[in-house]
There are 2 protein chains.
Amino acid sequence: MSAAPDLLFRTLADPTRRAIFERLCREGEQTVGALTLRSGVSQPAVSKHLGALKQAGLVRDRHEGRQTHYSAQPGALNPLVDWTSQMAGFWQNRLDALDDLLKRMDQ
Amino acid sequence: MSAAPDLLFRTLADPTRRAIFERLCREGEQTVGALTLRSGVSQPAVSKHLGALKQAGLVRDRHEGRQTHYSAQPGALNPLVDWTSQMAGFWQNRLDALDDLLKRMDQ
DNA sequence: AAGATCCATAACCAGAAAGTTATGGATTTA
DNA sequence: TAAATCCATAACTTTCTGGTTATGGATCTT
């Protein structure tokens, strides 16, 4: 199985980090400074969160002069979607199997 | 906005706990003892994880004599699906907006 | 060139969290 | 009734993690 969901879940588990990612999704590319302003934490904390998001593939960075622009990379959420539908799928399969069983018993 | 995704992400971030949930999804209802066997951790640890999963609404428990049966509640994953598609949606909206802008400029 | 700004990294601290062993209540078995 | 089994909780330890302040390199401004 892919180890991808693990890193994604761990990365998105922190509220501050997830809020940063959400802002990037909603509002598009932002500099570290802009993100820091409404994050409620210090600039180094934001930088660290951005590093974690980047390592999980959830954001990209683009250097421009002395500032760094970050943007969301929502395709990185795909393993999460896959995992979720897989879980739902297992569930559904077992329901189907039960259904089949009941039908055969009914005959 | 709903605080639901937060608890879900936090709960599913732990690999051991997620593995337990996955097994319940794949194989259906299990007792604590059965889950403990292939979990790699002690029985109290499994009980604690099951408690966390239950609090997040991801599992149900059913008492039968001295054993407790747990089963997955995959509907609890819905807020996760919602959150994910919302993020993807924001992204798409911004792409559309950009597209519109370019079209208008093109005129 | 000097000063200011932006950001990343280092070093450190405190609280959260996952694991353990010990224990006890409830139920089943002998 | 006595012993064994199942599970949850308590108490404790250790590790991980998110936060801070301090600092420095790079770039922009004056």
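Only this structure's heavy atoms are used, side chains among them; waters, hydrogens and symmetry mates stay out. Just so we're on the same page: letters track the sequence lines, and every chain starts at 1.
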Using residues 43-51 of chain A as the side-chain source, report each donor-acceptor pair under 3.5 Å to any protein atom, sequence neighbours left out, with the distance given to one decimal.
from    : atom 1 : to      : atom 2 : distance (Å)
A:Gln43 : NE2    : A:Ser47 : OG     : 3.1
A:His49 : ND1    : A:Arg17 : NH1    : 3.3

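Atom CG of A:Leu12 is separated from atom P of D:dG18 by 12 Å (rounded to the nearest Å).
For A:Arg66, the side chain to side chain donor-acceptor pair (under 3.5 Å) criterion is met by no residue, not counting sequence neighbours. The side chain to side chain donor-acceptor pair (under 3.5 Å) check on A:Arg94 picks up nothing, with sequence neighbours excluded. Shown here are the salt bridge (Lys or Arg N to Asp or Glu O under 4.0 Å) partners of A:Glu27, two or more places apart in sequence or in another chain: A:Arg23, A:Arg38. Checked against side chain to side chain contact (heavy atoms under 4.5 Å, CB included), B:Asp61 has the following partners two or more places apart in sequence or in another chain: B:Lys54, B:His63, B:Thr68, B:Tyr70. For A:Asp82, there are no side chain to side chain donor-acceptor pair (under 3.5 Å) partners, not counting sequence neighbours. Residues passing the salt bridge (Lys or Arg N to Asp or Glu O under 4.0 Å) test with A:Arg60: none are found, sequence neighbours excluded. The side chain to side chain contact (heavy atoms under 4.5 Å, CB included) test applied to A:Ala19 returns no partner, not counting sequence neighbours. Qualifying side chain to side chain contact (heavy atoms under 4.5 Å, CB included) partners for A:Gln67, counting only residues two or more places apart in sequence or in other chains: A:Thr31, A:His69.
Applying the 4.0 Å criterion to OP1 and OP2 of D:dG19, one finds that A:Thr16 has a side-chain N or O inside that range.
Taken residue by residue, residues 37-54 of chain A places heavy atoms nearer than 4.0 Å to DNA chain C at A:Gln43, A:Pro44, A:Ser47.
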Distances for protein N/O vs nucleotides 25-30 of chain D N/O pairs under 3.5 angstrom?
from   : atom 1 : to      : atom 2 : distance (Å)
D:dT27 : O2     : A:Arg66 : NH1    : 3.3

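The closest donor-acceptor contact from the side chain of A:Arg10 to the backbone of B:Ala13 lies at 3.5 Å or more, if one exists at all.
Running 5' to 3' along DNA chain C, contacts with non-hydrogen atoms of chain B at under 4.0 Å begin and end at C:dA18 to C:dT28.
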